[in-house]
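What follows is a single structure, written as structure tokens, with notes after it.
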There are 2 protein chains.
Amino acid sequence: MIKLMLVDDHAVLRDGLKNILDMETDIEVVAEAVNGNDAIAKVKDEQPDVILMDINIPEKNGIEATSIIKQLYPSVKILMLTMYDHDEYFMSAIREGADGYLLKDAPSQQVVDAIRAVAGGQSVIHPTMTKKFLAFQQPKAAEPVEEKVEGALTGREKEVLLCLVKGMNNKEIAGSLYISDKTVKIHVSNIFKKLGVKSRSQVVIYAVQNQLVPLT
Amino acid sequence: MIKLMLVDDHAVLRDGLKNILDMETDIEVVAEAVNGNDAIAKVKDEQPDVILMDINIPEKNGIEATSIIKQLYPSVKILMLTMYDHDEYFMSAIREGADGYLLKDAPSQQVVDAIRAVAGGQSVIHPTMTKKFLAFQQPKAAEPVEEKVEGALTGREKEVLLCLVKGMNNKEIAGSLYISDKTVKIHVSNIFKKLGVKSRSQVVIYAVQNQLVPLT
DNA sequence: TTGATTTTACTACAAAGGTACTAGTGTAGA
DNA sequence: TCTACACTAGTACCTTTGTAGTAAAATCAA
């Protein structure tokens, strides 16, 4: 059974959601709050699993409340359900630890599914926000310059590049690729020429800036 | 009516999907392809609205095929449906223009919903991937470890660090800070010890990963 | 097959990087 | 004042890095 808390200053919306959720046998509304401070207080008493949180509420908005609740009770899942698809709201909510971000125009079923998903430890984003998120993360697309430069690297050189951005020295690269360290030097020198840099540090910077390789 | 193309080298999976999609009145499977090149060719002939693409297919994998198709026909929506939740696959798919990324363990209904969503211009990500996405974008919060490490660097060391992540060599740093290159060496060595790395390349990687310094 | 490219590897050398130690100066705080 | 630390700079030494030039085997496209 998923214990849910609703946080919204509009009784109509809370009641509507309760009606919808009443039909779900695995979700129980254990608490309701009408503002940020109210929500923070009731988390302690009611220990909900998931909080459905509006952003535009009095006495600490939903994002501030999320931040505080997440600090006090990190295991509580918080799903933002709001009218606004503003980027700043979205990013702030995510930054403060929200587990999901839905817009109020989402169909009821989607809200129900999202509650189950965050209760199960997953994160959910409204498709419209996902789009923005992707757009935000997608500043690459077709950039002929880097394409050309990266394309100029041979297969082996790309492998060496991967090692370089891991901070490996020539000997380590040689061991990793089963070739001599003299050969590694050749590849490294060629990479330098092709990328137009003068040291391995600069290779790392170039690769990161041009997203030639994944980090982390 | 949404015109759909299936790309997967496993007939069983294609047939299973077709069965499921047959029950949806607004989706029609107009083409099937068994590998990357096949898919690229059939897009031209069949002009699908949405492509359901597996990653692990022969003759150009799904990501490469996505990249090419998106370049030729930017309006075609591509939904990756794959067994792998590897970060690199996911990020690559997104980078190459995929409109969605679902895992094959997603319930059928979710796949159907996702097809409609991308056909409508939205983007969809499997909740598990969303989680990773958020985690990727969420390195803020309170991280005492890095704070401590960064705090351990003296003022001068931080200045040297800034130079290091610009790819400067010792002489350049010395000239920039109006000190001897011997002194620079001292600072660099101290930075290495404090950050626990062994070369300037690793300093750059460390700084990027821990966001000690701005890039771009 | 021919020719171009890739990958491999060597020698030799110059430059840069990195460590260890000593040591003087200045500054901030107990 | 005394201590701790930061900053500076040097010497010495060794390692790593990077370049140049040569060259052979493998691969691949024309």
Side-chain angles (χ1 to χ4, degrees), chain A residues 146-208 210 212-213, chain B residues 36-37 40 58-61 64 68 146-208 212-213:
Chain A
E146 278 97 10
E147 284 300 320
K148 218 184 287 169
V149 175
E150 190 184 6
L153 293 185
T154 67
R156 206 53 160 170
E157 285 163 359
K158 284 180 192 170
E159 291 182 83
V160 174
L161 177 63
L162 275 174
C163 295
L164 283 178
V165 298
K166 286 178 186 161
M168 294 162 77
N169 65 23
N170 291 337
K171 239 177 232 166
E172 290 167 335
I173 297 173
S176 162
L177 300 181
Y178 302 103
I179 54 179
S180 132
D181 57 331
K182 336 273 177 168
T183 306
V184 174
K185 281 184 171 188
I186 306 282
H187 291 312
V188 170
S189 277
N190 288 335
I191 292 171
F192 284 9
K193 280 178 200 155
K194 289 181 179 175
L195 300 188
V197 303
K198 311 198 73 171
S199 71
R200 32 217 312 133
S201 300
Q202 290 180 3
V203 167
V204 175
I205 297 165
Y206 181 98
V208 170
N210 295 280
L212 295 192
V213 290
Chain B
N37 288 332
I40 295 166
E59 290 185 44
K60 289 205 176 63
N61 68 41
E64 292 166 335
I68 291 167
E146 277 96 9
E147 286 298 323
K148 216 186 286 170
V149 175
E150 190 183 6
L153 293 184
T154 68
R156 204 54 158 172
E157 284 163 0
K158 284 180 190 168
E159 291 182 84
V160 174
L161 176 64
L162 274 174
C163 295
L164 282 178
V165 298
K166 285 177 186 161
M168 295 163 75
N169 65 23
N170 291 336
K171 238 178 231 165
E172 289 167 335
I173 297 173
S176 162
L177 299 181
Y178 301 106
I179 55 180
S180 137
D181 57 332
K182 333 275 178 171
T183 306
V184 174
K185 281 185 172 188
I186 305 283
H187 291 312
V188 171
S189 277
N190 288 335
I191 291 171
F192 285 8
K193 281 179 199 157
K194 288 182 181 177
L195 299 189
V197 301
K198 310 199 73 167
S199 71
R200 32 219 309 134
S201 301
Q202 291 181 0
V203 167
V204 175
I205 296 166
Y206 182 98
V208 170
L212 296 191
V213 291

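Order of the sequence lines fixes the chain letters, A, B, ..., with proteins taken first and strands second; residue numbering starts at 1 for each chain.
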Rounded to 10 degrees, the angle between the two terminal axes of the helix from dT1(C)-dA30(D) to dA30(C)-dT1(D), each from five pairs: 50°
Side chain to side chain contact (heavy atoms under 4.5 Å, CB included) between K194(B) and T154(B), intermediate numbers included: CA-CA 10 Å; K194(B) 288 182 181 177; T154(B) 68; 3.9 Å; yes
Results of side-chain hydrogen bond (donor to acceptor under 3.5 Å, both in side chains) for E159(A) - residues two or more places apart only: R156(A)
Non-hydrogen atoms of G167(B) and E172(B) that approach each other most closely: O-OE1, 4.3 Å
Validation row: V160(A), M168(A) side chains within 4.5 angstrom (heavy atoms): no
Terminal contacting nucleotides, 5' and 3', DNA chain D versus chain A (heavy atom, 4.0 Å): dT16(D) to dG21(D)
Please list, one pair per line, the donor and acceptor atoms closer than 3.5 Å that link side chains of residues 175-193 of chain B to other protein atoms, with sequence neighbours excluded.
unit_1, atom_1, unit_2, atom_2, d
S180(B), OG, K182(B), N, 2.8
S189(B), OG, K185(B), O, 3.4
N190(B), ND2, I186(B), O, 3.4

Residue-phosphate contact under 4.0 Å: T154(A) side-chain N/O, dT7(C) OP1/OP2: yes
Contact summary for L164(A) and I205(B), nearest pair of heavy atoms: O-CD1, 4.4 Å
For DNA chain D, the residues among residues 172-181 of chain A that have a non-hydrogen atom under 4.0 Å from it: none
Protein proximity profile, nucleotides 14-30 of chain C - base contact B, sugar-phosphate-only contact S, no contact -, cut-off 4.0 Å on heavy atoms: --SBBB-B---------
Residue pair S199(A) / Q202(A), side-chain heavy-atom distance below 4.5 Å: yes
Full working for side chain to side chain contact (heavy atoms under 4.5 Å, CB included) between V204(B) and K166(B): CA-CA 8 Å; V204(B) 175; K166(B) 285 177 186 161; over 6 Å; no
